[in-house]
Amino acid sequence: MRRIRLNFANLQISFADRDSALKRVEEWVDGGTYPVQVVYGPEGCGKTAWLLQSVELLRELGFDVIYVNPLNKLIMAEFSIEDLRDRFLRLVEESIRQNALAKIAWIAYDIAYELIKATRGKVAIIVDDVFQVIGIKESAMYVKALLNLIEYPPEHYERIITIAATSEGSSKSEIGRHRWANLLTMWNMTKEGFKQLYEQLPGEKPGFEEVWEITGGNPWVLESLHRLRWNVEELLKEITTRKNLDIFISSLSLSDKEILTKALDDPDILMSREGIPLMDRLIELNLIINIPQWRDEHLWIDQPPPEKDLELGIGKYVAWQSPLYKEAVRRAINRLM
Ligand SMILES: Nc1ncnc2c1ncn2[C@@H]1O[C@H](COP(=O)(O)OP(=O)(O)O)[C@@H](O)[C@H]1O
Ligand SMILES: [Mg+2]
């Protein structure tokens, strides 16, 4: 399989590692997906990169592939029926012009339906960051519609693969309530995999161990540090501003502040009656994720995080998306207490 090139800050780098994640796609090639595979993981952990590499893999294996990411306005139409492709691109362009991003998700669905009808072959529909634009309630309906493609297709087909990825914790719980989806979690990169990424970065850089401790293997954090010439302070400010951390901390009750302070050392504290409302807010802010306590590989895309690594902010049930978020919160608490 050809490894794709990806934009990374001002660079182009090769897709690194994620071998088991790609193996999972190969399993789907052999068996199809049932039900819809919904992949949830920290912001910037590499879901989009993996999906784009999967588009390449599926294409090489003879699939017609539709990929849409309405949030990034990124779409791919890897299929051979020319007028269908033209229609797809035209409709998507029109939606972007009207800023009707949610429509793109449904266009992808319609085109997949037409593709199955026309080819009766191997079709993959991959939707990335769709739930964010269509909203929580409609997300469940959308997943149901994708399941219908598998269960009640317009024609017999050889194989259908449907994958949806999201960083939205709230859509995850809504979708998880139904039998329409199989929920999988993706974590940041493993130390070895992350090293392959780190080594591709040219120029002077801090040592790998230091970078690992700051990022916890989150490629977006690495990309941002590289963009900011390794200025950690600048990135902490960016995160604090983007997530409105000062307002968030100021809005907390004294007891929530106490729980949050404890959660900096052990995020599993949040998994308690007093902690759960706070946990939900931290999930909404995309600072932590709630993870399956079982590290069985079939529940994960690629390697699960370690059972517990408190230095990196990983608990059994709850994990900080990157140690740097934990640090940003720590500083905001210290500033405001
Ligand atoms: N396995 C990988 N190899 C190379 N670059 C990667 C890899 N995973 C992520 N990246 C890069 O890291 C950044 C963040 O990853 P992205 O896929 O956008 O995360 P997500 O979709 O989970 O938010 C992007 O620039 C992406 O290209
Ligand atoms: Mg993404």
Side-chain angles (χ1 to χ4, degrees), residues 1-25 37-57 67-76 101 104-105 108 126-134 139 163-169 171-172 184-202 205 208 211-212 214-228 235 238-239 242-243 283 285-289 291 300-303 305 319-322 324-325:
M1 175 196 51
R2 183 182 69 93
R3 294 250 160 191
I4 56 167
R5 305 283 289 173
L6 291 157
N7 291 328
F8 195 87
N10 52 351
L11 302 171
Q12 282 250 312
I13 57 164
S14 292
F15 181 80
D17 194 51
R18 293 297 196 188
D19 294 349
S20 0
L22 294 167
K23 216 165 265 145
R24 183 63 72 93
V25 178
Q37 306 296 319
V38 173
V39 180
Y40 167 64
E43 250 182 325
C45 75
K47 296 177 295 300
T48 296
W50 164 64
L51 291 176
L52 293 176
Q53 181 65 60
S54 300
V55 171
E56 173 64 20
L57 174 66
Y67 168 93
V68 291
N69 185 326
L71 207 58
N72 294 349
K73 301 189 175 110
L74 180 63
I75 65 151
M76 296 178 84
L101 298 183
I104 296 175
I126 301 178
V127 296
D128 194 4
D129 286 333
V130 153
F131 302 150
Q132 255 144 305
V133 298
I134 65 181
S139 294
I163 314 172
T166 183
S167 320
E168 283 283 287
S171 53
K172 182 199 119 181
L184 294 159
T185 314
M186 187 165 179
W187 184 241
N188 293 326
M189 298 180 81
T190 62
K191 203 166 179 181
E192 299 70 37
F194 193 64
K195 195 156 190 210
Q196 294 173 25
L197 193 59
Y198 164 87
E199 278 169 356
Q200 289 188 56
L201 303 181
K205 51 192 173 190
F208 177 69
V211 172
W212 174 253
I214 296 171
T215 60
N218 183 291
W220 176 83
V221 175
L222 180 69
E223 182 181 18
S224 307
L225 281 174
H226 174 77
R227 171 171 54 84
L228 297 169
L235 185 53
E238 265 193 34
I239 291 169
R242 189 159 54 86
K243 299 201 181 272
I283 289 174
L285 283 169
N286 255 327
L287 290 167
I288 62 167
I289 80 166
I291 52 182
W300 295 83
I301 289 289
D302 213 62
Q303 306 300 320
W320 290 93
Q321 295 198 4
S322 162
L324 204 65
Y325 293 152

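Both counts, for ligands and for their atoms, begin at 1 and track the order of listing.
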Counting only heavy atoms not in K195, do more than 12 sit closer than 6.0 Å to its NZ atom?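 No, NZ of K195 has 12 or fewer neighbouring heavy atoms, counting only those of other groups under 6.0 Å.
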My understanding is that we take every heavy atom of each candidate and find the minimum distance to [atom]. Doing that for [options], which one comes out nearest?
atom	options	answer
atom 26 (C) of ligand 1	G217, S167, A49, G41	A49
atom 27 (O) of ligand 1	D128, N7, V39	N7
atom 16 (P) of ligand 1	G46, P42, A16	G46
atom 13 (C) of ligand 1	Q200, E223, H226	E223

Just to confirm my output: which protein heavy-atom neighbour is closest to atom 23 (O) of ligand 1, and how far is it?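 Answer, as residue, atom name and distance: G44 N, 2.7 Å.
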Look at atom 12 (O) of ligand 1 and say which protein heavy atom is nearest, naming residue and atom and giving the distance to 0.1 Å.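 Among all protein heavy atoms, the one nearest atom 12 (O) of ligand 1 is P219 CB, 3.2 Å.
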Give a yes or no answer on whether the side chain of K47 reaches the backbone of G41 with a donor-acceptor pair at less than 3.5 Å.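 Judged by distance alone, yes, a pair lies under 3.5 Å.
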Using a 3.5 Å distance criterion without hydrogens, assess whether the side chain of Q303 forms a donor-acceptor pair with backbone atoms of T190.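 The answer is no, because no donor-acceptor pair under 3.5 Å joins these two groups.
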Donor on one side chain, acceptor on other, Q321 and N218, under 3.5 Å: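 Result is no, nothing qualifies.
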I need the atoms of ligand 1 closer than 4.0 Å to a non-hydrogen atom of [X], numbered in the order shown.
X	answer
S14	3 (N), 4 (C)
F15	1 (N), 2 (C), 3 (N), 4 (C)
L197	3 (N), 4 (C), 5 (N)
I13	4 (C), 5 (N)
K47	17 (O), 19 (O), 20 (P), 21 (O), 22 (O), 23 (O)

With a 4.0 Å cut-off, would you call K73 and D128 a salt bridge?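 A salt bridge is absent here (no side-chain N lies under 4.0 Å from a carboxylate O).
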Apply the test salt bridge (charged side-chain N to carboxylate O under 4.0 Å, His left out) to residues E238 and K243: give CA-CA distance (whole Å), side-chain angles for both, the deciding distance (0.1 Å), then the verdict. CA-CA 8 Å; E238 265 193 34; K243 299 201 181 272; over 6 Å; no
Can you name the closest pair of heavy atoms from Y325 and N286 and give their distance?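 Answer, listing the atom of Y325 first, then N286: CE1-O, 3.9 Å.
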Report the part of M189 (side chain from C-beta onward, or backbone N, CA, C, O) that has a heavy atom under 4.0 Å from ligand 1; answer both or neither where that applies.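 Looking at M189 and ligand 1, just side chain atoms fall under 4.0 Å.
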Applying a 4.0 Å heavy-atom criterion (strictly less than), which segment of T48 is in contact with ligand 1: side chain, backbone, both, or neither?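 The part of T48 near ligand 1 is both the backbone and the side chain.
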Side chain to side chain contact (heavy atoms under 4.5 Å, CB included) between I163 and V127, intermediate numbers included: CA-CA 6 Å; I163 314 172; V127 296; over 6 Å; no
The single option from R2, R5, R3 passing salt bridge (Lys or Arg N to Asp or Glu O under 4.0 Å) against E56: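 Passing option: R2.
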Distance check below 2.8 Å: does T48 bring an N, O or S atom to the Mg ion (ligand 2)?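 So T48 does bind the Mg ion (ligand 2) by this criterion.
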